[in-house]
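The first residue in the sequence is number 1, and the count goes up from there. When reading the values below, keep in mind they use all heavy atoms of this one structure, side chains included, and skip hydrogens, waters and symmetry mates.
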Amino acid sequence: MKKIVLLMTALSSNAFANQTDYELMQQWLDLESQKGKLELSWQTNQQSLQNQIKLLKEEKAALRALLNRAKDARSEVDEKRFELTQQQQQLEENQRLVEVELKGLMQFINRISPLLPPPIQAQWEDALTTINSSPYSNSEQLEKLLSIFKSATEFNQRVAMNNTNMTIPTAGGETQMLVSQIYLGLSQAWYVSQDGKHFGIGRVEQHGWQWHHTEQAQQLLGLSSQEDLLQSLAQIKSILNKPTAAAFVNAPIAIAPIEKDLL
């Protein structure tokens, strides 16, 4: 009986041992399977991570390049803005200087206008009235002012005749007469009436343009007789009316002393 019990105990021990080895083997296989899965998962994830890292690096490089371009563009814009600001400041300064010059020109014109022959005075007065009554820009004002200076310069370079009505003192008082005014530039002139009985001289004096008539003119010119002057003026009129008959003519002048510092 005792032998049978021992045999059964031995068989039970062998069965337990066999079962334990199987379980251990199964666990080992499971572990190896998990290890393989982990390695496969790691390899897959590693490749994905490497791809992501590569993409992030490329994106970083692209962003850095974009930032550099933006910085360069901003620097260029700032530089251009600075240049434009300087140009604007220079234009404003030039505008201010032009306004100062225009103001000075206006004062100069108002000061010397009374010294000019009446036809030029009338031109200047009309031009100034137009300038002051119209919204001209500074450049347009300057252009018109230069044009009136040009007209005065051209007038000063020639002998000009102007037929007009003129108030002349006579024995019976002042009388309106049609006369021919002959201008020798801007500083000297003569006039003679249509009937040839009245004459005079005009000239620049300290306080402006002044006409002197008949006896006073004869005295200023230092003439003993009116005939020579009237003959000279008639000859000048003929030449101006018919330039092809030009000739040298002697005509007396009387220049007034002027203190330029007082103008």
Side-chain angles (χ1 to χ4, degrees), residues 108-129 146-263:
F108 175 75
I109 289 171
N110 290 330
R111 189 170 69 251
I112 68 169
S113 181
L115 303 174
L116 299 173
I120 297 298
Q121 286 188 38
Q123 288 183 12
W124 283 28
E125 183 177 352
D126 291 342
L128 291 178
T129 300
L146 291 176
S147 69
I148 68 174
F149 285 129
K150 182 180 179 181
S151 68
T153 300
E154 292 174 348
F155 191 91
N156 191 45
Q157 295 173 344
R158 60 189 175 90
V159 178
M161 184 166 64
N162 180 44
N163 295 318
T164 184
N165 286 319
M166 190 172 180
T167 302
I168 297 176
T170 62
E174 293 184 341
T175 304
Q176 284 281 330
M177 293 186 184
L178 180 62
V179 302
S180 295
Q181 298 172 340
I182 301 171
Y183 292 92
L184 182 63
L186 294 173
S187 60
Q188 191 76 30
W190 307 271
Y191 79 84
V192 59
S193 63
Q194 294 298 309
D195 59 11
K197 295 180 179 180
H198 300 274
F199 70 93
I201 63 169
R203 64 181 185 176
V204 180
E205 297 184 1
Q206 189 69 48
H207 300 292
W209 184 269
Q210 184 67 46
W211 290 105
H212 300 279
H213 307 280
T214 315
E215 289 82 5
Q216 187 182 15
Q218 183 176 346
Q219 182 179 359
L220 289 173
L221 293 171
L223 299 177
S224 57
S225 171
Q226 301 178 5
E227 298 302 323
D228 290 340
L229 176 60
L230 291 174
Q231 184 178 358
S232 296
L233 295 180
Q235 189 176 0
I236 293 173
K237 282 181 59 179
S238 176
I239 292 172
L240 292 175
N241 288 324
K242 190 177 181 181
T244 55
F248 289 103
V249 179
N250 291 322
I253 60 175
I255 299 175
I258 295 177
E259 296 183 30
K260 295 182 179 180
D261 294 339
L262 299 179
L263 293 177

To the nearest 0.5 Å, atom CD of Glu125 lies from atom CD1 of Ile148 at 11.5 Å

side-chain contact (heavy atoms from CB on, under 4.5 Å) between Leu230 and Val192, intermediate numbers included
CA-CA 8 Å; Leu230 291 174; Val192 59; 3.9 Å; yes

Contact list for residues 185-197, test side-chain hydrogen bond (donor to acceptor under 3.5 Å, both in side chains), sequence neighbours left out
Ser180-Gln194, Tyr191-His213, Ser193-Asp195

The residue among His212, Gln218, Gln219 that forms side-chain hydrogen bond (donor to acceptor under 3.5 Å, both in side chains) with Gln216 is His212

When rounded to the nearest 0.5 Å, the distance separating CD1 of Ile255 from CD of Glu205 is 12.0 Å

Measure the CD1-CD distance between Ile201 and Gln181 for me, rounded to the nearest 0.5 Å.
13.5 Å

Above 12 or not: heavy atoms from other molecules or residues under 6.0 Å from CD of Gln210?
yes

Are the side chain of Ser238 and the backbone N or O of Gln235 linked by a donor-acceptor pair below 3.5 Å?
no

Nearest 0.5 Å please: distance from the CD1 atom of Ile253 over to the CG atom of Leu184.
7.0 Å

The criterion is ring pair (Phe, Tyr, Trp, His ring centres under 6.0 Å); which residues satisfy it with Phe149, sequence neighbours excluded?
Trp124

To check you understand the geometry: which heavy-atom pair defines the closest contact between Leu116 and Gln121, and what is its length?
O-NE2, 2.5 Å

Got Leu220 and Arg203 here, is their nearest side-chain heavy-atom distance under 4.5 Å?
yes

Does anything in residues 222-251 form a salt bridge (charged side-chain N to carboxylate O under 4.0 Å, His left out)? List the pairs, not counting sequence neighbours.
none

Quick one: does Asn156's side chain get under 4.5 Å of Ile120's, heavy atoms only?
no

Hey, does the side chain of Ser232 reach the backbone of Asn250 with a donor-acceptor pair shorter than 3.5 angstrom?
yes

Show your working on side-chain contact (heavy atoms from CB on, under 4.5 Å) between Gln123 and Phe155 and close with a plain yes or no.
CA-CA 12 Å; Gln123 288 183 12; Phe155 191 91; over 6 Å; no

Between the CG atom in Leu233 and the CZ atom in Phe199, the distance rounded to the nearest 0.5 Å is 8.5 Å

